[in-house]
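Notes to accompany the following structure.
Just so it is clear, the structure is predicted and the values come from calculations on it, not from any experiment. Starting from 1, each residue takes its place in the sequence as its number.
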Amino acid sequence: AFVGLSVQEEADIFLDVNSNAKPIPPDLLMEIEWASGVESQSNIANGIVFELRDNESSCLRELILEAESRARGKLNRKNIRTALTSLKILPKNYKDSIFWDGDIYSTRDKAFNFINESLGEFKKSNLDRWKKKNGVIQDIFMQGMLKVIDRIAILHNGNLKITKEYMDHL
């Protein structure tokens, strides 16, 4: 990175960087990983989290924290990603996913649509609990909802219609 430095100058830069370095927050690392376009299960999950947070059609729009935000009453991005990576519909071998569509962007879109429509069906039947204090918008509750969606999808081979019917009954 630097050309023509003396040993003293190299040592000063090394000590300065390594003495004052701070770890990069995990939620910011998620943004960087997604921007890299690397193909991995966790990066597909990153993309789904960002779609759930930012997509205008998302039932969780603006209910997931922005990078480095600590606002209350919103879902933690890293926790949602962890929940997504534990789902059988998004396996570690991501190319075996029912959503795999040749690249991470198409796969993210298909998985987002499935999850968002399933959560949206639950939301319609539970509007009174959606944003209520100690309601649905809590990490632990949303992680559980994702597990329910996963279980239904696995049992019914990713049939969105059946999954939405179950979610409507919850």
Side-chain angles (χ1 to χ4, degrees), residues 26-28 30-31 33-35 39-170:
D27 51 350
L28 186 55
M30 287 173 64
E31 297 275 359
E33 184 181 12
W34 179 248
E39 274 192 10
S40 69
Q41 177 208 34
S42 68
N43 208 20
I44 293 169
N46 289 338
I48 296 166
V49 170
F50 301 145
E51 282 299 298
L52 288 167
R53 180 193 69 195
D54 301 331
N55 190 303
E56 289 191 21
S57 70
S58 174
C59 61
L60 294 177
R61 180 172 166 75
E62 299 179 356
L63 296 175
I64 297 174
L65 291 170
E66 295 287 332
E68 301 186 76
S69 173
R70 300 292 172 242
R72 292 184 175 262
K74 292 191 175 187
L75 299 168
N76 180 292
R77 297 165 357 138
K78 188 172 182 287
N79 292 344
I80 299 303
R81 182 189 65 179
T82 299
L84 289 168
T85 57
S86 73
L87 303 180
K88 292 180 180 167
I89 56 175
L90 293 171
K92 195 129 189 96
N93 185 0
Y94 56 91
K95 290 183 180 180
D96 289 338
S97 169
I98 61 174
F99 304 117
W100 179 250
D101 199 25
D103 64 70
I104 64 170
Y105 306 103
S106 298
T107 303
R108 176 231 22 220
D109 292 344
K110 286 174 71 175
F112 160 75
N113 287 326
F114 187 91
I115 292 166
N116 186 55
E117 286 194 38
S118 300
L119 286 173
E121 200 64 37
F122 177 81
K123 179 182 178 180
K124 283 193 303 190
S125 301
N126 294 279
L127 281 174
D128 58 327
R129 296 180 182 109
W130 195 251
K131 289 186 186 178
K132 183 179 176 182
K133 185 177 178 174
N134 296 323
V136 173
I137 305 303
Q138 298 180 68
D139 290 334
I140 195 75
F141 191 95
M142 196 54 61
Q143 291 166 343
M145 292 304 299
L146 291 170
K147 289 282 191 186
V148 169
I149 291 169
D150 185 50
R151 182 73 175 144
I152 298 166
I154 291 298
L155 288 173
H156 297 284
N157 298 316
N159 185 315
L160 181 58
K161 183 177 181 215
I162 292 173
T163 303
K164 286 172 67 172
E165 287 173 11
Y166 276 101
M167 296 305 288
D168 179 53
H169 290 293
L170 287 177

Any pair counted as side-chain hydrogen bond (donor to acceptor under 3.5 Å, both in side chains), so long as it reaches residues 136-146, sequence neighbours left out: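 Of all non-adjacent pairs touching residues 136-146, those that pass side-chain hydrogen bond (donor to acceptor under 3.5 Å, both in side chains) are Asn79-Asp139.
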Other residues, nucleotides and ligands only: do more than 12 of their heavy atoms fall within 6.0 Å of CZ on Arg129?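 Open.
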More than 12 non-hydrogen atoms from neighbouring residues, nucleotides or ligands closer than 6.0 Å to CG on Leu127, yes or no?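 Yes, CG of Leu127 has more than 12 neighbouring heavy atoms, counting only those of other groups under 6.0 Å.
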Under the criterion side-chain contact (heavy atoms from CB on, under 4.5 Å), which of Asp150, Leu146, Asn46 is the partner of Leu84?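 Filter result, single survivor: Leu146.
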Hey, does [Y] have a side-chain heavy atom less than 4.5 Å from the side chain of [X]?
X      : Y      : result
Asn116 : Asn55  : no
Lys74  : Ile137 : no
Ile115 : Leu119 : yes
Leu155 : Tyr166 : no
Ile44  : Ile48  : yes
Phe99  : Ser106 : no
Tyr94  : Ser42  : no
Asp27  : Leu65  : no

Passes side chain to side chain contact (heavy atoms under 4.5 Å, CB included), Arg108 versus Asp103? Steps please. CA-CA 9 Å; Arg108 176 231 22 220; Asp103 64 70; over 6 Å; no
Are a donor atom and an acceptor atom from the side chains of Lys92 and Thr85 found within less than 3.5 Å of each other?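 The answer is no; no qualifying pair exists.
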When you look at Cys59 and Phe122, which way does the side chain to side chain contact (heavy atoms under 4.5 Å, CB included) test go after all the steps? CA-CA 10 Å; Cys59 61; Phe122 177 81; over 6 Å; no
Within the distance-only criterion (no hydrogens, no angle test), does the side chain of [X] pair as donor or acceptor with the backbone N or O of [Y] below 3.5 angstrom?
X      : Y      : answer
Ser118 : Ile149 : no
Thr107 : Asp101 : yes
Gln41  : Leu90  : yes

Contacts of type salt bridge (Lys or Arg N to Asp or Glu O under 4.0 Å), residue Arg53, not counting sequence neighbours: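 Per chain and number, Arg53 pairs via salt bridge (Lys or Arg N to Asp or Glu O under 4.0 Å) with Glu31, Glu66.
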Residues two or more places apart in sequence or in another chain: which of them pass side chain to side chain donor-acceptor pair (under 3.5 Å) with Lys110?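 Side chain to side chain donor-acceptor pair (under 3.5 Å) check on Lys110 returns nothing, list empty.
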Taking side chain to side chain donor-acceptor pair (under 3.5 Å) as the test, write out the residues that go with Lys88, two or more places apart.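 None.
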Would you sort out whether Ser57 and Phe112 count as a side chain to side chain contact (heavy atoms under 4.5 Å, CB included), showing the intermediate values? CA-CA 10 Å; Ser57 70; Phe112 160 75; 4.0 Å; yes
Taking every non-hydrogen atom, the tightest pair across Ile98 and Gly158: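 Where Ile98 meets Gly158 most closely, the heavy atoms are CD1-CA, 3.7 Å.
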What residues form a side-chain contact (heavy atoms from CB on, under 4.5 Å) with Glu121, not counting sequence neighbours?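 Applying side-chain contact (heavy atoms from CB on, under 4.5 Å) to Glu121 gives Lys124, Lys164, Met167, Asp168.
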Quick one: side-chain contact (heavy atoms from CB on, under 4.5 Å) partners of Pro26, sequence neighbours excluded?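 Partners of Pro26 under the side-chain contact (heavy atoms from CB on, under 4.5 Å) test: Lys78.
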Ionic contact status for Glu33 with Arg81, cut-off 4.0 Å: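 A salt bridge is present here (some side-chain N lies under 4.0 Å from a carboxylate O).
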Parallel, tilted or perpendicular: rings of Trp34 and Tyr105 (30°, 60°):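 Answer is perpendicular, since the angle exceeds 60°.
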